[in-house]
Q: 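Mind having a look at this structure? Questions to follow.
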Amino acid sequence: MQLKTVLKGVGILALGLALTACGSSSAGSTPEAIKEKGKLVVATSPDYAPFEFQTLIDGKNQVVGADISLAQDIADELGVELEVSTMSFDNVLTSVAGGKADLALAGLSKTPEREEVVTFSDSYYENGRVLLVRAEDKESLKDLESFKGKKVAAQKGTLEEQLAKEQVASAELVSLQAMGEAINELVAGKVDAVAIDEAVALGYVSQNNKLAISEAALKTQETVGTAVAMQKDNKELQEVVNKVIAKVKKDGSYDKYLEEASKYTVVEE
Ligand code: ARG
């Protein structure tokens with residue numbers, strides 16, 4: 001693979017610095033290049049059921065979830081093997097922007113800020129954003145004002161982290177690297193809420209009756225869909241990914257993947 005430094009207009013400073021360190025063009029991730037190397041490398045953070053998480057299969061930890069099934073469909077479309085590369089969420093976008101991974105599937109919200117450093121596919125899922133609380137606090141924490149002086153946790157680098165900072169400014173923001181860590185802190189009473197995507201929160205609530213979703217939902221300006229990220233301006237790969245997304249949305253496969261994912265037991269690291 002030939003590495004060329006083609007850096008332009010990087011909007012996010014931290015990501016910009018990371019890119020300078022390992023700058024590359026999308027040349028290694030065109031559909032042809034992926035076919036040549038025989039594998040599609042997908043970056044993810046497997047702590048976000050039902051999208052991506054770990055489970056035990058035949059006694060071994062495996063990464064599964066609706067996004068992984070979608071990634072497999074993309075690999076199949078390209079006729080290559082799927083290689084799932086796991087990392088903490090705050091490294092997922094850097095990995096794909098720097099060319100270490102071909103794609104990122106991580107329940108990723110397609111935001112204008114991120115679009116300055118990566119290119120997104122069409123969205124394949126619409127999520128809401130909520131505040132997960134202990135069931136016993138659901139009544140007292142029902143509007144954003146009631147979170148004043150409370151501790152609100154969020155996963156580092158997520159949209160929810162940013163929204164919590166902006167919309168629950170009177171609370172203390174606790175940024176944590178793994179989602180499982182944030183949930184543990186909530187259950188243990190060390191934080192009072194977790195800012196999180198609705199579909200993921202619903203999974204936790206259905207498995208733990210000590211948790212509930214607050215009526216004080218976080219707002220996003222416009223509808224921010226969930227999409228696949230790739231290196232900026234990798235139009236050819238974007239076309240392939242969009243084709244697969246159109247299919248799984250139309251024939252109901254993605255909904256089926258979500259349903260299948262909910263049958264697995266989540267193993268936290
Ligand atoms: N939707 C959020 C975002 O893109 C959170 C995604 C977290 N994903 C994960 N695999 N932990 O900012």
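Counting starts at 1 for both ligands and their atoms, in listed order. In this chain, numbering begins with 1 at the start of the sequence shown.
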Q: Who pairs with Q162 by side-chain contact (heavy atoms from CB on, under 4.5 Å), at least two apart in sequence or on another chain?
A: E113, L159, E166
Q: Do K148 and E145 meet the salt-bridge criterion of a basic N to acidic O distance under 4.0 Å?
A: no
Q: Could you work out, with salt bridge (charged side-chain N to carboxylate O under 4.0 Å, His left out) as the rule, every residue matching K243, not counting sequence neighbours?
A: E77
Q: Are F51 and Y125 close enough that their ring centers fall under 6.0 Å?
A: yes
Q: Could you go through ligand 1 and list every pair where one of its N or O atoms sits under 3.5 Å from a protein N or O, giving the atom names and the distance to one decimal?
A:
unit_1   : atom_1 : unit_2 : atom_2 : d
ligand 1 : 1 (N)  : G107   : O      : 3.1
ligand 1 : 1 (N)  : S109   : OG     : 2.8
ligand 1 : 1 (N)  : D197   : OD2    : 2.5
ligand 1 : 4 (O)  : S109   : N      : 2.8
ligand 1 : 4 (O)  : S109   : OG     : 3.3
ligand 1 : 4 (O)  : R114   : NH1    : 2.8
ligand 1 : 8 (N)  : A106   : O      : 2.8
ligand 1 : 10 (N) : S45    : O      : 2.9
ligand 1 : 10 (N) : E52    : OE2    : 3.1
ligand 1 : 10 (N) : A106   : O      : 3.4
ligand 1 : 11 (N) : D47    : OD1    : 2.8
ligand 1 : 11 (N) : Q155   : OE1    : 2.8
ligand 1 : 12 (O) : R114   : NH1    : 3.4
ligand 1 : 12 (O) : R114   : NH2    : 2.8
ligand 1 : 12 (O) : L159   : N      : 2.6

Q: Using a distance-only test with no angle check, is there a side-chain donor-acceptor pair under 3.5 angstrom linking N234 and Q238?
A: no
Q: Excluding sequence neighbours, so at least two apart, what forms ring pair (Phe, Tyr, Trp, His ring centres under 6.0 Å) with Y124?
A: Y254
